[in-house]
Amino acid sequence: MTTKPDLTAPPRDYRLLVPRDWFRIDLTQDRWRAQLKTFVDHQAEGKNVPAEVKQETWATLRNTAEAAVRTGALEFFLRPELEGGGILPASLLVSLVPGRGGPAPRDLENVLGAQQRGNASAADVSTVALPAGETVRVLGPTTLDLYVQMPGGVGYLVLAFAVPLNGVTGPMAGLCDAIAESLRWIT
């Protein structure tokens, strides 16, 4: 007989299935900059990428990671998108937004929806049910942000996908959804 996990207790951790070809960077460790540099060097290796493109990619990814670390990011996954000599990857940032007694998903949906009104490239905001819990989904042309409510009302785990070259459509949309649906809480 199997028992269902206790969804009222805060989780100790989470499990997320991400394809093997996505490069994982642990943003909770001090060595993340070196890991990021390794990724950029590896993607440029043997591809005749101009030094300025390599440097620009490194700076963009470093700035993204630094800003994310300041706001609670835990992991940064990168999948290369090689088109036109560029090396800017698709990415997934996993962040913790603590907030005991914070807004319920429908309230968060309303807040995020209000922020989108008046935005020229407004995203579609909705609430969906994922196996890990009720989730606010914010879909833009090249981004997909999922705010998954954590058990015990202790906050949200945010899965922020960015697909700068192809956008979040077609097979990539399916992949992002599959990764999100793999999220499980460890109690």
Side-chain angles (χ1 to χ4, degrees), residues 2-19 22 24-28 64-79 81 89-187:
T2 60
T3 59
K4 291 188 176 183
D6 180 6
L7 296 180
T8 60
R12 286 183 295 119
D13 206 349
Y14 64 91
R15 185 183 74 215
L16 189 65
L17 301 177
V18 179
W22 289 51
R24 178 185 179 269
I25 298 172
D26 183 348
L27 294 175
T28 65
T64 299
E66 284 176 349
V69 166
R70 286 192 298 272
T71 60
L74 305 170
E75 298 180 285
F76 195 17
F77 292 93
L78 301 164
R79 177 181 177 265
E81 293 285 333
S91 66
L92 164 60
L93 264 170
V94 180
S95 302
L96 174 64
V97 179
R100 185 168 289 285
R106 294 285 178 190
D107 296 332
L108 182 59
E109 176 187 358
N110 291 335
V111 168
L112 294 173
Q115 289 175 353
Q116 292 300 315
R117 291 194 257 310
N119 184 345
S121 60
D124 178 45
V125 181
S126 60
T127 301
V128 298
L130 289 180
E134 198 168 7
T135 302
V136 179
R137 186 175 197 265
V138 182
L139 177 63
T142 60
T143 60
L144 171 61
D145 296 339
L146 298 158
Y147 296 79
V148 185
Q149 186 177 38
M150 296 173 62
V154 294
Y156 287 88
L157 189 71
V158 181
L159 307 177
F161 293 92
V163 188
L165 298 178
N166 299 333
V168 186
T169 60
M172 188 51 106
L175 179 59
C176 294
D177 287 338
I179 292 170
E181 289 175 10
S182 78
L183 177 64
R184 299 293 186 271
W185 302 113
I186 299 172
T187 55

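Side chains of D26 and R24 form a contact here, defined as non-hydrogen atoms less than 4.5 Å apart. T64 places none of its side-chain heavy atoms less than 4.5 Å from the side chain of S91. A 4.5 Å side-chain heavy-atom check between F77 and I179 finds every atom pair outside the cut-off.
Scanning both residues, V154 and P151, for their nearest heavy atoms gives CG2-O, 3.6 Å. Contact record, E181 with L130: CG-CD2, 3.7 Å, taken as the closest heavy-atom pair. Minimum interatomic distance between P105 and V136 (heavy atoms only, all atoms of both residues): O-CG2, 3.2 Å. The heavy-atom pair separating A90 from P164 by the smallest distance is CA-CD, 4.2 Å. In terms of heavy atoms, P11 sits closest to M150 at CG-CE, 3.7 Å. Smallest separation of non-hydrogen atoms from L17 and S182: N-OG, 2.9 Å.
Sorted by first and then second residue, the side chain to side chain donor-acceptor pair (under 3.5 Å) pairs involving residues 134-149 (not counting sequence neighbours) are R137-D177.
Remark: side-chain polar atoms of W185 are paired, donor with acceptor, to backbone N or O of A132 under 3.5 angstrom. Checking side-chain atoms of Q116 against main-chain N and O of A123 turns up a donor-acceptor pair under 3.5 Å.
Atom CD of residue E75 and atom CG of residue L92 lie 8.0 Å apart, to the nearest 0.5 angstrom. Here OG1 of T127 is found 8.0 Å from CG of N110. Values are rounded to the nearest 0.5 Å. Rounding to the nearest 0.5 Å gives a distance of 5.5 Å between CG of L175 and CH2 of W22.
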query = Can you list the steps and then say if L74 with L27 is a side chain to side chain contact (heavy atoms under 4.5 Å, CB included)?
reply = CA-CA 5 Å; L74 305 170; L27 294 175; 6.0 Å; no
task = Test L146 against L183 for side chain to side chain contact (heavy atoms under 4.5 Å, CB included), laying out the working first.
result = CA-CA 11 Å; L146 298 158; L183 177 64; over 6 Å; no
inquiry  = Test side chain to side chain contact (heavy atoms under 4.5 Å, CB included) on Y156 and L108; report intermediate values, then the result.
reply    = CA-CA 10 Å; Y156 287 88; L108 182 59; 3.8 Å; yes
ask   = Hey, mind stepping through L112 and Q115 against side chain to side chain contact (heavy atoms under 4.5 Å, CB included) and telling me if it holds?
value = CA-CA 5 Å; L112 294 173; Q115 289 175 353; 3.5 Å; yes
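For T71, the side chain to side chain donor-acceptor pair (under 3.5 Å) criterion is met by no residue, not counting sequence neighbours. For the salt bridge (charged side-chain N to carboxylate O under 4.0 Å, His left out) test, no residue two or more places apart in sequence or in another chain qualifies with R184.
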